[in-house]
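What follows is a short report on a single structure.
We name chains A, B, ... by the order of the sequence lines, and we start the count at 1 in each one. Worth knowing before you read on, the calculation uses all heavy atoms, side chains too, and leaves out hydrogens, waters and symmetry mates.
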Amino acid sequence: MSIAKTYIPKETEEKWYSYWLQHGFFKSVPDEREPYTIVIPPPNVTGVLHMGHMLNNTIQDVLVRRARMKGKNACWVPGTDHASIATEAKVVAMLKERGISKKDLTREEFLTYAWEWKEKYGGIILEQLKKLGASCDWDRTKFTMDENLSEAVIDTFIHLYKKGWIYRGIRMINWDPQGKTAVSDEEVIRKEVNQKLYYIKYHLVGTDVTKSTYHEGEPPVIIATTRPETIMADAAICINPNDERYKHLHGRTVNIPLINREIPVILDNYVTMDFGTGCLKVTPAHDLNDYELGQRHNLPVIDILNDDGTLNEKAQILVGEDRFAARKKIAVLLEEAGVLEKVEEYKSQVGFSERTNAVIEPKLSMQWFCKMGEMAKPALDYVLNGEIKLIPDKFINTYRHWMENVRDWNISRQLWWGQQIPAWYLPTGEFVIAKNAEEALKEAQLKNPEFTAADLTQDEDVVDTWFSSWLWPISVFDGFKDPNNADINYYYPTNDLVTAPEILFFWVARMIMAGHEFRGEAPFKNVYLTGIVRDKQGRKMSKSLGNSPDPLDLIETYGADGVRVGMLLCSPAGNDLMFDESYCKQGAGFANKIWNAFKLVKGWEVDETLPNPNAVAIEWFGNRFNQALTEIEANFAQYRLSEALMDTYKLVWDDFCAWYLEMIKPAYQHPIDKVTYAATIQFFENILKVLHPFMPFLTEELWHDELFGERTENDCCIVAQLPVIGEINSRLLADVEVIKDVITTIRNTRKTKQISDKEPLELFVRSNSGINYGSYQAIISRLGNISKFDTVNDKVEGAINFLASTDEFYVPFEEEIDPVAECARLAKEKDYLLGFLKAVNGKLNNERFMANAKPEVIAAEQKKRADAEAKLAIIEENLKALAC
RNA sequence: GGGAGCUUAGCUCAGCUGGUUCAGAGCAUCUGCCUUACAAGCAGAGGGUCACUGGUUCGAACCCAGUAGCUCCCACCA
């Protein structure tokens, strides 16, 4: 059977993914094994795969596949999030294209379109994940608006309401005029923006009417504002009561320019005297601080903005204009009216909607809130006492800070796509909270038996999407409707959660709260926080910057395995990663390397009669493999995935390919003995297992080759069990390091002396280290192209010599060795050793070192001294011989 | 404004409780090889004042203090 020269991922990926699916290897049902569970951070149902998902899901898949190969019952639950704002925006956009406006539709009609849209486009991202190799249990795919999940949302709402933790209130909320909904504080991103600070004159009322010009009368009050378009909503002018400059204003009133509405001057310590002019216009409807000021001073609230950010008739002027257009226009009007003192450039923080990037408008509104205080406490404890580990742990501080300063959660959203708030309003202005309309009516009739269904109106709003995703680890196992079912009892709490640090509070913290509140248990044990995927210049990858490669293109080019390796190569836990396509290239190159190693072994003919000349090499690699496995295991235990991958990479490339295979490879067209052959195949199979979590497709493809013997249908790499770490002979490993050093030095010598690799050399060793060179003769001869290798008791004349460990090696060399250069080389080495010895002796002769250092450290230093002295003796001897 | 973190080779990062003359890996670079597994390769080499300044210590990349630069999080000054 001929085999392709290079690995071609495309031909294997689809094949094996369907094979895995068909054979149910991703499926999990509770059994007697230990469970290992991950719930996917549900991507937006509207989403398409981006680099962040690639990283995230590669990590999850590596963890899940490893758990599976360690005999655990691994279950990775996939699903999507209904993402109210994002999805509704897309549906509205789609309708607009069809010439339909949302406001012409009833809620039911709109939702029909939305579901239609979801069925058509939702879940693309899940299909994309399959291309990456994600081994999710697809039969368990959930959607945050699935019936049971939605029901859980409603039930928990009722539960928390009954506990008094959900309440309704007027609050200044963050209004997104584009999404036309409230967003939570956490969804507001503050950015520094260049703005203008407008200085506007407000004329005092009640001064000498006859002296109507200000230069004769009292000067106007000048306020500084970044939002001149809101002056029509002003309710007062506020000054600091201690401000000497404005004592004369106490008790006065002023007129708002342009509309000449009279407003009072009020006094409040809130005003900073040295900012702006020390006079503040108070606009309770459009600024949180002003609102609070207004509350203190009983000021009216005049809301001049519509939901879409345009001015309403209360503004009296510029009605219908967008707030930003109005700002520009009013500046002109003020200028014309002669009341614009000056305009300054000004930098300040402005809130933007995370979802729509619109400038957030503070707005007073009736909203539903969820109290956080009581829930935050236990949720904080889980992390502080280590029941939940954050990886890396630097996030613990951030987490604590947030949890200690948590504010109530605005859970209502003025949208239709989502779970409608289970509140029904009565004609009396009261409301009832109930699971559905019938229940609501019953509740209402308790208040007054006269009420009929027609008297009830359900709240129009839906709950925040996070109010459903915080239940995710429980709701995917139907733990609300059926809190004692086999799945939830078996899989919950889950093991690892892999997500981005940006949503530590949005999601992770709230899941912990929900876990505690509804199950009395943390929802997971470890939270692995991935970094942000950035480009080489350190910019966050984003659609708008256009600096993000299409993940599917990458898979097309480098293969899923190559991309997976590429992602992990540059992703230290918790740190951002500077992604570059070259990492994927390296990943693909690695796949190819493995492919070619396989090709080599595959090509061997076995001669049953041959003896095994490779016992040492085989023993060495077996040990080296165990050593590497130990390191890999340790790195996984600490979630150092890139390190574990790098260990694997070096094990395969350096130890297996560059050393082991070169040691045992038979000469061209020569057969191999059966013992070496069998051992090598065994090694290869074990290597495939270790590689599998990182490179599932390639390893599965090779696994099924006849080289490894007959495989039954279910004998697949994906469900193979990882090799058990055997004993490690560290003496052997150390000796082989010396042998490798000898070989490298020979190669190096050839280079410097310009001896061709093809020219065989002789080698002699004068040994005192106790290394049994006899057993390594074959390896050294093979890899160093040595025709004769012997032990000697005396120096060899006319030879190049070098040291490895404390042993001296000689390579006879016909050409005259330059005594001057040789002396210089030896002298340099001697200097080094002397310096080294001095340092070591310095320690050993230091009483405090001897008193304080650990015994192992002292022993190591003593060994160093002995070795250095032995080497020095040899060098001295050589120097003497050369009569330097 | 408050808090957290980072700074080690050209790049991306290791360096676990201070203890090899401790400075390491991968990639990139340079040199020599088309040696029938792999040129997506092989063999070899070069490359760093561990941000800076002090301190603690027998010993500091590692601990402490300060300085500079970068990043992130939180925060209602018009």
To the nearest Å, give me how far apart CG (A:N405) and C1' (B:C73) are.
-> 12 Å
Considering only atom P, compute the distance from B:G32 to B:C72 and round it to an integer number of Å.
-> 45 Å
Can a side chain N or O of A:Y198 be found less than 4.0 Å away from OP1 or OP2 on B:A78?
-> no
Measure the distance from CD on A:E643 to P on B:G24 and round it to the nearest whole Å.
-> 16 Å
Sequence neighbours left out, what passes salt bridge (charged side-chain N to carboxylate O under 4.0 Å, His left out) with A:K758? Give chain and number order.
-> none
At under 4.0 Å between heavy atoms, which parts of nucleotides 37-44 of chain B does protein reach? Answer with one letter per nucleotide, 5' to 3': B base, S sugar-phosphate only, - none.
-> BBSBSSBS
Rounded to the Å, how far apart are A:N841 CG and B:G59 P?
-> 17 Å
Span that lies between the P atom of B:G47 and that of B:A9, in whole angstrom | 14 Å
Of all the heavy-atom pairs spanning A:K665 and A:W604, show the shortest one and how long it is.
-> CA-CZ2, 4.1 Å
Is there side-chain contact between A:V527 and A:F395, with at least one heavy-atom pair below 4.5 Å?
-> no
Test item: A:D741 side-chain N/O and A:E737 main-chain N/O as donor-acceptor pair under 3.5 Å = no
Got a sec, which residues hit salt bridge (charged side-chain N to carboxylate O under 4.0 Å, His left out) with A:K830, two or more places apart in sequence or on another chain?
-> A:E876
Note every stem involving RNA chain B: at least three consecutive Watson-Crick or G-U wobble pairs, i with j then i+1 with j-1, with both distances under 3.5 Å.
-> B:1-7 with B:68-74, B:10-13 with B:24-27, B:29-33 with B:41-45, B:51-55 with B:63-67
Rounded distance in Å between the P positions of B:G46 and B:C6 | 33 Å
Select one nucleotide: of B:G26, B:C73, B:U20, the one nearest the side-chain heavy atoms of A:E861.
-> B:U20
Measure distances between side-chain N and O atoms of A:S582 and base N and O atoms of B:C27, and say whether any donor-acceptor pair falls under 3.5 Å.
-> no
Please identify each residue that fulfils salt bridge (charged side-chain N to carboxylate O under 4.0 Å, His left out) with A:R327, with sequence neighbours left out.
-> A:E229
Rounding to a whole Å, what distance do you find between A:L569:CG and B:A25:C1'?
-> 12 Å
Quantified in whole Å, what is the P atom distance between nucleotide B:C34 and nucleotide B:U71?
-> 50 Å
Side chain of A:K650 (C-beta onward), nearest among B:A25, B:U12, B:C73 = B:A25
Expressed as a whole number of Å, how far does the P atom of B:A43 sit from that of B:G26?
-> 12 Å
Is there side-chain contact between A:Y7 and A:L702, with at least one heavy-atom pair below 4.5 Å?
-> no
Please assess A:R865 against A:Q862 for the test side-chain hydrogen bond (donor to acceptor under 3.5 Å, both in side chains), listing each intermediate value before the final yes or no.
-> CA-CA 5 Å; A:R865 173 158 70 182; A:Q862 280 163 341; over 6 Å; no
Rounded to whole Å, NZ of A:K828 lies from C1' of B:U21 at a distance of 14 Å
Just call it for A:L280: base, sugar-phosphate, or nothing, with non-hydrogen atoms closer than 4.0 Å on any strand.
-> base
Taking the C1' atom of each, how far is B:C42 from B:A23, in whole Å?
-> 28 Å
Rounded to whole Å, CG of A:L568 lies from P of B:U12 at a distance of 18 Å
Length of the CD-C1' vector between A:E404 and B:G2, whole Å = 14 Å
Quick one: is A:K843 getting a side-chain N or O under 4.0 Å of the B:U21 phosphate, OP1 or OP2?
-> yes
When you check the phosphate oxygens OP1 and OP2 of B:C13, does a side-chain N or O of A:R640 lie under 4.0 Å from one of them?
-> no
Integer angstrom distance from the C1' of B:C64 to that of B:G18 = 13 Å
NA contact type, A:T226, heavy-atom cut-off 4.0 Å: base, sugar-phosphate, or nothing?
-> sugar-phosphate
Name all residues meeting the salt bridge (charged side-chain N to carboxylate O under 4.0 Å, His left out) criterion together with A:E701; count only those two or more places apart in sequence or in a different chain, and write none if there are none.
-> A:K15
Please work out which of the three classes, parallel, tilted or perpendicular, describes the rings of A:F598 and A:W595, given edges at 30° and 60°.
-> tilted
Considering only atom C1', compute the distance from B:U7 to B:U67 and round it to an integer number of Å.
-> 13 Å
Testing A:Y649, A:F683, A:F621 for ring-ring contact (aromatic ring centres under 6.0 Å, His included) with A:F656, which one passes?
-> A:F621
From the candidates B:A78, B:G26, B:A4, the one with an atom nearest any side-chain atom of A:N397 is B:A4
With the side chain defined as heavy atoms from C-beta on, A:Y832 is closest, among B:U35, B:U21, B:G19, to B:U21
With heavy atoms under 4.0 Å as the rule, sort A:Y291 into base, sugar-phosphate or nothing.
-> nothing
